[in-house]
Number of protein chains: 2
Amino acid sequence: MSAERWLTALQENGYRLTESRRAVVEIVAASARALTPLEVFDLARAAHPDLGLVTVYRTLEKLEEMHLIQRVHQPGGCQAFLTAGQGHQHLLLCQKCGRAVFFEGDDLQPLFDSIAEKTGYAIQEHWLQLFGLCRACQ
Amino acid sequence: MSAERWLTALQENGYRLTESRRAVVEIVAASARALTPLEVFDLARAAHPDLGLVTVYRTLEKLEEMHLIQRVHQPGGCQAFLTAGQGHQHLLLCQKCGRAVFFEGDDLQPLFDSIAEKTGYAIQEHWLQLFGLCRACQ
DNA sequence: CTCCTGATGAAAATTGTTTTCATTATAAAG
DNA sequence: CTTTATAATGAAAACAATTTTCATCAGGAG
Ligand SMILES: [Mn+2]
Ligand SMILES: [Mn+2]
Ligand SMILES: [Zn+2]
Ligand SMILES: [Zn+2]
């Protein structure tokens, strides 16, 4: 469970440890799929009914700045957040339930070299994301 | 110039050919980079000052349905549209000026097989997008 | 325990997009 | 070249998502 680690990280960065932050962090850290601010709000209010949606936005913003979570782009929207991957990893998402896993080991360098030569672009970054059905949803 | 082709396609799908649509189509078809609805609006008003932003949204929606344009996801936002690629192609975007080119010929099947085996997911789709600097911006 | 200040949530403001609706303009029919 | 039916338009209103403002509260240093 990364919730405690995130809360510690928040404190180490000079932020106070509040009930609201704890409620948000526990929901996001425990989720296997990307959640929108509104989903986080609804889920986190079970533990902390006074929580305001504004605080969800503010907490997600901080967690993203600290690279503990990352934004996930999907066909249905690009405002959902997920526990961040480590190092050079890419996402694989279930199209039915949303369950996300990271993978690594893609070797695209030969492709990049070929594209760079054909187009004249100096390639700097890449986005790769896979979609499919997780074992439970097949 | 694909503008005339798009206008013909609109007519063939039973839509009327209007000055507003023409203004929108000419801007989007001529652009080498993805444009937001507001950018299209501002640019297209030079040719058709009466144009309304609503009509830009409605026209972009139709062009997207007809697969003549496609939405482009970028770090700065996911609401920009670009002339669609043909067949199996992916985008390469200039991080400085936005100039977009499509490429093809990526062979990711071995990677997908390996990921499928490791994760148990049945892989169905993939997003691949490259970022770099075009020749003029290097 | 006290105090300072960062954090909070309600409400307002802002931004981006969609809906509504009276009017206009396209294109088919005569 | 009219006439006519109706799709399309743009202004304004409605709506949704996000951000800002601000009075109040609570974390944690001392
Ligand atoms: Mn990679
Ligand atoms: Mn591909
Ligand atoms: Zn699933
Ligand atoms: Zn460039």
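Just so it is clear, the structure is predicted and the values come from calculations on it, not from any experiment. Just so we're on the same page: letters track the sequence lines, and every chain starts at 1.
- Applying the salt bridge (charged side-chain N to carboxylate O under 4.0 Å, His left out) test to pairs two or more places apart or on separate chains, none has a residue in residues 123-138 of chain B.
- In this model, the phosphate group of dA7(D) is not approached by any side-chain N or O of R21(B) to a distance below 4.0 Å at OP1 or OP2.
- For Q79(B), no side-chain nitrogen or oxygen approaches OP1 or OP2 of dG16(C) to under 4.0 Å.
- Other members of the hydrophobic cluster containing F41(B), listed by chain and number, are W6(B), L7(B), L10(B), Y15(B), L17(B), V24(B), V25(B), I27(B), V28(B), L35(B), L38(B), V40(B), L43(B), L51(B), L53(B), V56(B), Y57(B), L60(B), L63(B), M66(B), L68(B), I69(B), F81(B); membership follows side-chain contacts under 4.5 Å among ILVMFWY residues, whether direct or relayed.
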Let me have a per-nucleotide readout for nucleotides 21-30 of chain C, 5' to 3', with B, S or -, counting only protein heavy atoms under 4.0 Å. ----BBS---

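- The nearest whole Å value for the distance from the OH atom in Y57(A) to the C1' atom in dA12(C) is 16 Å.
- Salt bridge status for R22(B) with E4(B): present, with a side-chain N to carboxylate O gap under 4.0 Å.
- Here R45(A) pairs with D42(A) under the side chain to side chain donor-acceptor pair (under 3.5 Å) rule; sequence neighbours left out.
- Between T55(A) and the phosphate of dA7(C), there is no side-chain N or O to OP1/OP2 separation shorter than 4.0 Å.
- Annotation: salt bridge (charged side-chain N to carboxylate O under 4.0 Å, His left out) contacts involving residues 70-98 of chain B, sequence neighbours excluded, comprise E64(B)-R71(B).
- You'll find that the side chain of H48(B) is closest to dG10(D), out of dG9(C), dT18(D), dG10(D).
- Straight-line distance from the CG atom of L60(B) to the C1' atom of dT18(C): 14 Å, rounded to whole Å.
- Between the CG atom of L53(B) and the C1' atom of dC15(D) there is a distance of 15 Å, given to the nearest Å.
- In this structure R99(B) satisfies the salt bridge (charged side-chain N to carboxylate O under 4.0 Å, His left out) test with no other residue, sequence neighbours excluded.
- Distance L63(B) CG to dA8(D) P: 13 Å, rounded to the nearest Å.
- Legend: salt bridge (charged side-chain N to carboxylate O under 4.0 Å, His left out) pairs involving residues 76-94 of chain A, not counting sequence neighbours: none detected.
- If you measure from atom CD of E61(A) to atom C1' of dT18(D), you get 11 Å, rounded to the nearest angstrom.
- Under the ring-ring contact (aromatic ring centres under 6.0 Å, His included) criterion, F112(B) pairs with H126(B), sequence neighbours left out.
- H73(B) is linked by a ring-ring contact (aromatic ring centres under 6.0 Å, His included) to H73(A), W127(B), counting only residues two or more places apart in sequence or in another chain.
- Heavy-atom minimum distance, A34(A) versus Q74(A): CB-OE1, 4.3 Å.
- Closest approach of G85(A) to F102(A), counting heavy atoms only: N-CZ, 3.2 Å.
- Using five terminal pairs a side, the axes of the helix from dC1(C)-dG30(D) to dG30(C)-dC1(D) at its two ends make an angle of 30°, given in steps of 10 degrees.
- The salt bridge (charged side-chain N to carboxylate O under 4.0 Å, His left out) contacts involving residues 27-41 of chain A comprise R33(A)-E39(A), where partners must be two or more places apart or lie in separate chains.
- The side chain of L51(B) sits closest to dG10(D) out of dG10(D), dT20(D), dT8(C).
- In this entry the distance linking CG of N13(A) with P of dG28(D) reads 14 Å, nearest Å.
- One atom, CZ of F81(A), and another, C1' of dT18(D), lie 11 Å apart when rounded to the nearest Å.
- For the segment residues 33-44 of chain A, no residue has any heavy atom less than 4.0 angstrom from an atom of DNA chain D.
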